[in-house]
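Worksheet: one structure, shown below.
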Amino acid sequence: KQHDRTVPSDAGWVALKNCSGITVQGLSLEHNADGVLLCYTTDSTISGNVIANNLNGIELAGSSNNVISDNQIRNNKGYGIRLDYHSECNIISRNEVIANTNDGIYSETSTNNTVTENRVMENNGNGVFFKDIKDSNIIGNNITLNKGCGIGFGYGPNGTISGNYISKNGKGIWISNAFENTITLNTIVENDGWGIELEGAQKNNVIHHNNFINNSPTEGLQVRIAGVWIYPGLHKPHLPSQEPEPPQFVAGAANVWDDGREGNYWSDYNSRDNAGDGIGDTPYIINENNQDNYPLTESVEIEVIPEFPSWIILPLLLVATLVAIIYKRRLFSAD
């Protein structure tokens with residue numbers, strides 16, 4: 001147990017258990033099981049490090065209220081950053097998470113975390129994948145060229161995906177068994193599959209003011225909502241001589257695709273705008289339960305993190321210049 005200390009500058013591996021107030025800064029951590037491992041550790045900072053060629057770059061287990069910022073996390077054989085065992089209220093910001101063998105940033109059984117202003121690229125799995133999105137925020141990231149989905153999440157309400165640039169991934173956004181989340185102000189462009197895919201027991205997600213541009217689904221629209229099987233006779237009594245009602249395949253549950261005045265921009269939407277107000281004259285139909293009532297005829301202007309060159313590492317400080325997104329709100333500030 002250590003408290004309120006800085007890890008020595010010659011450390012080659014960092015493992016913290018039951019610690020608080022620890023600073024991990026300016027280190028080169030390579031060829032370990034985990035470059036940095038936090039177990040039941042709180043209120044600590046991992047900043048300005050090069051973390052490469054480990055099994056996992058950074059792993060948090062049961063660790064909360066930590067800040068992971070301004071690191072280069074690349075070429076790790078597992079995850080770039082992994083949160084697990086109820087690691088909550090952590091901030092992951094301004095990192096380069098590149099070319100890891102599994103997901104760039106992965107979270108499981110962990111809620112109320114924020115991922116913001118990171119560059120997540122060329123990972124062999126997903127860019128950012130949260131198995132439990134509850135009360136978490138994925139805001140203002142540049143997520144490109146990942147083989148899986150750009151952002152994937154499920155099993156929870158009240159998550160926010162906003163202001164991200166999601167391009168040239170296996171698919172853009174993937175949602176499974178998630179409800180009442182907010183997805184706004186994202187640019188989802190030229191992904192190899194659907195721009196957004198929803199499946200399982202999902203419903204009541206709010207999705208508007210996004211740009212869906214030239215995504216390449218294998219069938220149909222840039223959006224897919226998987227149908228579900230229902231069994232109307234499953235719990236109904238019936239005589240032995242009666243056949244139970246057969247299962248039925250129905251359209252996926254309803255989500256909200258506009259704010260009552262404006263919806264999303266879809267590059268494959270071709271209706272006219274006779275009123276000249278930037279809103280198409282007819283809805284954008286997805287399925288019988290889902291339609292964008294006010295599709296936009298011009299893309300939403302959203303400033304995102306640019307494609308910047310590799311960052312320069314100084315002895316104790318990683319210096320980067322990032323462009324803030326429009327409508328961005330600062331969710332957390334640390335001394």
TODO: To the nearest 0.5 Å, tell me how far Glu30 CD sits from Ile51 CD1.
DONE: 10.0 Å

TODO: Mark yes or no for whether Asn56, through its side chain, and Tyr79, through its backbone, hold a donor-acceptor pair below 3.5 Å.
DONE: yes

Open item on the list: Determine whether Arg94 and Arg119 satisfy the following criterion, side chain to side chain contact (heavy atoms under 4.5 Å, CB included), listing intermediate values before the conclusion.
Closed with: CA-CA 7 Å; Arg94 301 188 308 274; Arg119 188 178 181 213; over 6 Å; no

Open item on the list: Using the rule side-chain contact (heavy atoms from CB on, under 4.5 Å), only one of Ile73, Asn123, Asn141, Val115 pairs with Ile105; which is it?
Closed with: Val115

TODO: List the steps and the verdict of side chain to side chain contact (heavy atoms under 4.5 Å, CB included) for Ile161 and Asn181.
DONE: CA-CA 8 Å; Ile161 296 176; Asn181 298 287; over 6 Å; no

Open item on the list: So does Gln72 get a backbone contact from the side chain of Asn49, meaning a donor-acceptor N/O pair under 3.5 Å?
Closed with: no

- [ ] Answer yes or no: is there a donor N or O on one side and an acceptor on the other, between the side chain of Asn177 and the main chain of Ala201, under 3.5 Å?
- [x] yes

- [ ] Using the side-chain hydrogen bond (donor to acceptor under 3.5 Å, both in side chains) rule, pick out the option among Asn169, Asn146, Asn214 that qualifies with Asn191.
- [x] Asn169

- [ ] Show your reasoning for whether side-chain hydrogen bond (donor to acceptor under 3.5 Å, both in side chains) applies to Ser93 and Glu117.
- [x] CA-CA 5 Å; Ser93 67; Glu117 298 182 19; over 6 Å; no

Open item on the list: I'd like to know if the side chain of Asn126 reaches the main chain of Phe129, judged simply by a donor and an acceptor atom lying under 3.5 Å from each other, with no hydrogens or angles considered.
Closed with: no

- [ ] Measure across Ile225 and Asn287 and return the closest heavy-atom pair with its distance rounded to 0.1 Å.
- [x] CB-ND2, 3.8 Å

Open item on the list: Determine whether a donor-acceptor pair (N or O, by modelled atom type, separation under 3.5 Å) exists between the side chain of Asn290 and the backbone of Ala253.
Closed with: yes

- [ ] Kindly say whether Ile138 contributes a backbone atom to a donor-acceptor pair with the side chain of Asn164 at under 3.5 angstrom?
- [x] yes

Task: Ion pair Asp281/Arg272, N-O distance below 4.0 Å - done: no

Task: Least distance between heavy atoms, Trp13 atom then Leu29 atom - done: N-CD2, 3.7 Å

Task: Donor-acceptor contact below 3.5 Å, side chain Asp132 vs main chain Thr109 - done: no

Open item on the list: Please find the pair of heavy atoms, one from Ser87 and one from Gly62, that lie closest to each other, and give the distance.
Closed with: OG-N, 3.1 Å

Open item on the list: With side-chain hydrogen bond (donor to acceptor under 3.5 Å, both in side chains) as the criterion, how do His208 and Glu262 come out once you've worked through the C-alpha distance, each side chain's angles and the decisive distance to 0.1 Å?
Closed with: CA-CA 7 Å; His208 60 78; Glu262 297 180 338; over 6 Å; no

Open item on the list: Checking the side chain of Asn54 only, and the main-chain atoms of Asn32 only, is there a donor and an acceptor separated by less than 3.5 Å?
Closed with: yes

- [ ] Using the side-chain hydrogen bond (donor to acceptor under 3.5 Å, both in side chains) rule, take Trp257 and Asn264 through it: C-alpha gap first, then chi angles, then the decisive distance, then the call.
- [x] CA-CA 7 Å; Trp257 297 88; Asn264 302 276; over 6 Å; no

Open item on the list: For Ser20 versus His3, what's the shortest heavy-atom pair and its separation?
Closed with: OG-ND1, 2.7 Å

Task: Asn90 side chain vs Ser63 backbone, donor-acceptor pair below 3.5 Å - done: yes

Task: Side-chain donor/acceptor of Asn112 to backbone N/O of Lys134, under 3.5 Å - done: no

Task: Cluster check Leu37, Tyr106: I/L/V/M/F/W/Y, side chain < 4.5 angstrom - done: no

